[in-house]
Amino acid sequence: MKDTPKHQGLRNQLAKLLEQKGITDKNVLDAIRKIPRHLFLNSSFEDFAYQDKAFPIAAGQTISQPYTVAFQSQLLDVKKEHKILEIGTGSGYQTAVLCTMGAKVYTIERQNELFKITSLLLPKLGIRPKHISFGDGYKGLPQYAPFDSIIVTAGAPFIPPALMAQLKIGGKLVIPLGEEHQIMTMLVRKNESQFEKHEFGEFRFVPLLEDKN
Ligand code: SAH
């Protein structure tokens, strides 16, 4: 599949729509304008790739809705060279947004099929996360901690303690919390033991699963 001026036009429209929906971070909108979302999807979705919708990807998972990706990315307040841990690599689209914003991204996926597909796809598109790993996101990546921020892209029944421990002081953890539907939640680490909690309304995600299949 190719990236054409038509795709670019659809991306510009999508960025405009996200702006209308309240996304203000210029770097997030720039990344949405740059990344060819249709290349993260099966070719049968090519005509729909720039709708503001989630779509199925391999292993029964989904690529998040662009608004959700933009909303979570905006909450992270990404600065160039920020070290970010992502739980749930999935299609790699959210990874690509963070890399394009200049972050050093460490990402974990627990479905081997997706881990393999996405590890091959990202470099082909010129996207180079610092580290892609196959494993359990509940554990984080202690060997690379601490992180400036952590993003969880699946619905979590609780906040994994390991992720809180791997956050820098001043860092942000953005996680959709809940089983059936999720409340977008942000923890800001104040000091060694204190975290400030903020909530941002309801979203829907596939579940953050425990144990590997
Ligand atoms: N960021 C992805 C979202 C994919 S959906 C994208 O933009 O495409 C959420 C992903 O989290 C799925 O790929 C799912 O397999 C993965 N996941 C679920 N539980 C996990 C866990 N415990 N550790 C790591 N990844 C997990």
Side-chain angles (χ1 to χ4, degrees), residues 11 14 18 23 28 31-32 34-42 45 48-76 78 84-101 103 105-122 125 127 129 131-142 144-145 147 149-164 166 173-179 181-182 184 203-213:
R11 281 205 284 284
L14 175 61
L18 298 180
I23 303 298
V28 171
I32 300 282
K34 279 186 198 148
I35 301 165
R37 187 172 189 248
H38 63 288
L39 300 182
F40 291 78
L41 288 164
N42 184 291
F45 291 107
F48 315 114
Y50 297 101
Q51 294 181 359
D52 189 21
K53 286 185 182 154
F55 291 107
I57 53 174
Q61 303 303 315
T62 57
I63 181 173
S64 297
Q65 183 184 341
Y67 175 71
T68 304
V69 172
F71 192 87
Q72 288 195 282
S73 303
Q74 178 163 288
L75 283 182
L76 293 176
V78 181
I84 302 185
L85 173 64
E86 178 193 28
I87 310 301
T89 316
S91 68
Y93 181 73
Q94 172 74 72
T95 318
V97 167
L98 298 173
C99 289
T100 304
M101 293 176 76
V105 182
Y106 297 73
T107 183
I108 314 178
E109 173 55 53
R110 79 180 276 289
Q111 299 283 354
N112 200 21
E113 187 186 355
L114 275 170
F115 164 73
K116 284 189 193 148
I117 296 172
T118 304
S119 305
L120 289 175
L121 175 73
L122 289 173
L125 300 177
I127 307 282
H131 186 76
I132 308 186
S133 74
F134 170 51
D136 181 8
Y138 277 91
K139 301 190 176 77
L141 287 176
Y144 295 107
F147 297 96
S149 55
I150 301 178
I151 173 173
V152 179
T153 71
F158 59 88
I159 304 178
L163 300 186
M164 291 170 72
Q166 290 171 34
L173 166 60
V174 173
I175 179 165
L177 272 183
E179 317 250 355
H181 56 80
Q182 293 80 32
M184 191 62 76
F203 287 78
R204 259 170 214 279
F205 284 85
V206 293
L208 186 71
L209 300 172
E210 287 184 85
D211 304 320
K212 248 174 259 174
N213 44 343

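In each ligand, atom 1 is the first atom listed, and ligand 1 is the first ligand listed. These numbers come from a predicted model, not from an experiment.
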Seminar exercise, completed: The atoms of ligand 1 lying under 4.0 Å from a heavy atom of I108, numbered in the order shown, are 24 (C), 25 (N)

For this session: Return yes or no for this condition: an N or O of I63 is under 3.5 Å from an N or O of ligand 1.
Result: no

Problem set entry | Per-residue contact class, T89 against ligand 1 - non-hydrogen pairs under 4.0 Å | backbone

Exercise. Given R110, E113, E109, which one has a non-hydrogen atom that is nearest to atom 16 (C) of ligand 1?
Worked result: E109

For this session: Check V78 against S73 and note the closest heavy-atom contact, atom names and distance.
Result: CG2-O, 3.9 Å

For this session: Could you label the plane-to-plane angle of the H131 and Y106 rings as parallel, tilted or perpendicular, counting under 30° as parallel and over 60° as perpendicular?
Result: tilted

For this session: Please state whether G135 comes within less than 4.0 angstrom of ligand 1, counting heavy atoms only.
Result: yes

Exercise. In ligand 1, which numbered atoms sit nearer than 4.0 Å to a non-hydrogen atom of S91?
Worked result: 6 (C), 7 (O), 8 (O)

Problem set entry | Close side-chain approach of F45 to Q51, heavy-atom, < 4.5 Å | no

Problem set entry | Subset of ligand 1 atoms that lie under 4.0 Å from at least one heavy atom of Y138 | 22 (N)

Exercise. Considering only heavy atoms, does E86 approach ligand 1 within less than 4.0 Å through its side chain, its backbone, both, or neither?
Worked result: side chain

Exercise. What orientation do F203 and Y67 show, parallel under 30°, tilted 30 to 60°, or perpendicular over 60°?
Worked result: parallel

For this session: Evaluate the criterion side-chain contact (heavy atoms from CB on, under 4.5 Å) for residue pair K53 and F48; output intermediate values, then yes/no.
Result: CA-CA 8 Å; K53 286 185 182 154; F48 315 114; over 6 Å; no

For this session: Within a distance under 4.0 Å of any heavy atom of L114, pick out the atoms of ligand 1 and give their elements.
Result: 13 (O)

Exercise. Considering distance alone, does some N or O of Q111 sit under 3.5 Å from an N or O of ligand 1?
Worked result: no

For this session: Please could you name the atoms of ligand 1 that T62 approaches to less than 4.0 Å, counting only its heavy atoms?
Result: 3 (C), 4 (C), 5 (S), 8 (O)

Exercise. Between the main-chain N or O of V152 and the side-chain N or O of Q72, is there a donor-acceptor pair closer than 3.5 Å?
Worked result: yes

Exercise. I175 and I150: side-chain contact (heavy atoms from CB on, under 4.5 Å), yes or no, with the steps?
Worked result: CA-CA 8 Å; I175 179 165; I150 301 178; over 6 Å; no

For this session: Using distance alone, determine whether G88 and ligand 1 share an N or O pair under 3.5 Å.
Result: yes

Exercise. Looking at Q61, which atoms of ligand 1 are within less than 4.0 Å of one of its heavy atoms?
Worked result: 12 (C), 13 (O), 14 (C), 15 (O)

Exercise. Does the ring center of F158 lie less than 6.0 Å from the ring center of Y138?
Worked result: yes

Problem set entry | Ligand-side contact atoms (ligand 1) for residue partner S64, heavy atom cut-off under 4.0 Å | 3 (C), 7 (O)

For this session: Check step by step if side-chain contact (heavy atoms from CB on, under 4.5 Å) holds for L98 and I151.
Result: CA-CA 10 Å; L98 298 173; I151 173 173; 4.0 Å; yes

Problem set entry | Donor-acceptor pair between R37 and Y50 side chains, under 3.5 angstrom | no

Exercise. Quick one: does Q94's side chain have a donor or acceptor within less than 3.5 Å of a partner on T153's backbone?
Worked result: no

For this session: Please identify which atoms of ligand 1 are closer than 4.0 Å to at least one heavy atom of Q94.
Result: 1 (N), 7 (O)

Exercise. So which bit of A59 gets within less than 4.0 Å of ligand 1, heavy atoms only: side chain, backbone, both or neither?
Worked result: neither

Exercise. Judging by distance only, is a nitrogen or oxygen of E210 under 3.5 angstrom from one on ligand 1?
Worked result: no

For this session: May I ask you to identify, for V206, whether its side chain, its backbone, both or neither come under 4.0 Å of ligand 1 on a heavy-atom basis?
Result: side chain

